[in-house]
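As structure tokens, the structure follows; a few thoughts come after it.
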Protein chains: 2
Amino acid sequence: MAEPHELREKGLRLTPQRELVLAAVRDLGHATPEEVAEKVRLTHPGINLSTVYRNLETLENVGLVQHTHLGHGGATYHAAEELTHLHLVCSKCGSVGDAPIEAAANFVQSLADDYGFKTDVSHFAIYGLCENCQLPL
Amino acid sequence: MAEPHELREKGLRLTPQRELVLAAVRDLGHATPEEVAEKVRLTHPGINLSTVYRNLETLENVGLVQHTHLGHGGATYHAAEELTHLHLVCSKCGSVGDAPIEAAANFVQSLADDYGFKTDVSHFAIYGLCENCQLPL
DNA sequence: AGACTAATTGCGATGAATTCGCAGTTGCAC
DNA sequence: GTGCAACTGCGAATTCATCGCAATTAGTCT
Ligand SMILES: [Mn+2]
Ligand SMILES: [Mn+2]
Ligand SMILES: [Zn+2]
Ligand SMILES: [Zn+2]
């Protein structure tokens, strides 16, 4: 009675590529599909970029990973269990700071109360200037 | 002593294309570069898409327009003077609602106090579910 | 274990969005 | 009016993501 693998539990086939993509997302914290592919290639050099894209989508469909938008370009991926923070992205230096999601609790609540809008604060980054970049030069 | 045109005041050359791009952004409210080009072509059919891109960038550099990210894809442009609202984007139906920027004032203040982060709440949309899409089906 | 079937993969082609290089044109300072 | 740098049109190039398809493979059922 071996425990079923977490991917099997979600109804997904267990392929080395899929496991490696999930492991890479978990290891990397935030990662673009390119970065995930690079990481996976350390142990599985032949993996194709489209396989990475397809697995990220599949893993997102079953709730194991999620994407966010940290910058002007493409998405970055997180392990779902780790997506419990806000991203504070600096428009000048590009740094990505974290803040607990509770920092937005009142804001989220007031959007719900006043506009009936149920906010997902993690999907887009919070954009602005980090502390360093506000300093006079 | 004619008043200098607003574009000249910013140190920009006054070309028909540039004026039309700015006018289109102002007329359209939110617009993608494609949409701006379409609008401009109503009166200036020959305008090239790369000219639109270049002018949007130039106009943004002098502060007359600004871009925001409303969805997973590319940017949309606003006249700068009009960018005084939040965008509430529904992940399900795609609707874009507005909310006054003051709705985020407390949130912005607390990010400044607690993290030294100076937030630009309009650059990314606020993502979530609109009132309609929360209704049970 | 062996066979079957549908899901998954690799790969190259394709598509969409944006940027670039350059030759020709044009705004504007003189 | 002249001259020059800024700007434009145009086609090519980039970048990022998706697609089609034939070959492979995971999981199921004898
Ligand atoms: Mn942006
Ligand atoms: Mn998204
Ligand atoms: Zn910074
Ligand atoms: Zn909706």
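Residue numbers start from 1 in every chain, and the chains themselves are labelled A, B, ... in the order their sequence lines are given, proteins ahead of strands.
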Can you tell me the distance, in whole Å, between the CG atom of Asn48(A) and the P atom of dT24(D)?
16 Å

Got a second to check how far Asn106(A)'s CG is from Asp113(A)'s CG, nearest 0.5 Å?
10.5 Å

Under-4.0 Å side-chain N/O to phosphate OP1/OP2 contact, Asn55(A) with dT9(C)
yes

Taken to the nearest whole Å, CD/Glu34(B) to P/dT19(C) is 13 Å

Check this one for me: any side-chain N or O of Thr51(A) less than 4.0 Å away from OP1 or OP2 of dG10(C)?
yes

Which residue lies more 5' along DNA chain C, comparing Gly46(A) with Pro33(B) via nearest heavy atoms
Gly46(A)

Can you work out whether Ser50(B) or Gly11(B) has the more 5'-proximal nearest nucleotide on DNA chain D?
Gly11(B)

Atom CG of Leu56(B) and atom P of dC7(D) are separated, to the nearest Å, by 14 Å

Of Leu12(B) and Ala75(B), the one whose closest nucleotide on DNA chain C sits nearer the 5' end is Ala75(B)

Please report the distance, rounded to the nearest Å, between CG in Leu49(B) and P in dT18(C).
8 Å

List the steps, then state whether side-chain hydrogen bond (donor to acceptor under 3.5 Å, both in side chains) holds for His78(A) with His87(A).
CA-CA 12 Å; His78(A) 286 73; His87(A) 300 104; 2.9 Å; yes

Minimum heavy-atom separation for Ala79(B) and Arg26(B), please, with both atom names.
CB-CG, 3.7 Å

For Ile47(B), which contact category applies under a 4.0 Å heavy-atom criterion: base, sugar-phosphate, or nothing?
sugar-phosphate

Determine: side-chain N/O of Thr15(B) to OP1/OP2 of dT8(D), distance under 4.0 Å, yes or no.
yes

To the nearest angstrom, the CZ-C1' distance between Arg18(B) and dA5(D) comes to 13 Å

Given dT26(C), is OP1 or OP2 found less than 4.0 Å from the side-chain N or O atoms of Arg13(B)?
no

What is the separation between atom CG on Leu14(B) and atom P on dT8(D), rounded to the nearest whole Å?
11 Å

What is the distance from OH of Tyr53(B) to P of dA17(C), rounded to the nearest Å?
7 Å

Side-chain donor/acceptor contact of Arg54(B) with base of dG9(D) under 3.5 Å:
yes

Heavy-atom pair with the smallest gap, counting every atom of Leu49(A) and Ala37(A)
CD1-CB, 3.8 Å

Taking only side-chain nitrogens and oxygens of Arg8(B), does any of them come within less than 4.0 Å of OP1 or OP2 of dC28(C)?
yes

Atom-to-atom span, CG of Leu20(B) to P of dG27(C) - whole angstrom
13 Å

Quick check for you: to the nearest 0.5 Å, what is the distance between Leu64(B) atom CG and Gln66(B) atom CD?
10.5 Å

Looking at Gln17(A), does any N or O in its side chain come under 4.0 Å of the phosphate oxygens OP1/OP2 on dG10(C)?
yes

I need the minimum non-hydrogen distance between Phe117(B) and Leu88(A), along with the two atoms involved.
CE1-CB, 3.7 Å

Mind checking His44(B) for me? I need base, sugar-phosphate or nothing, with any heavy atom below 4.0 Å counting as a touch.
sugar-phosphate

N/O donor-acceptor pair, side chain Thr58(B) with base dC7(D), under 3.5 angstrom
no

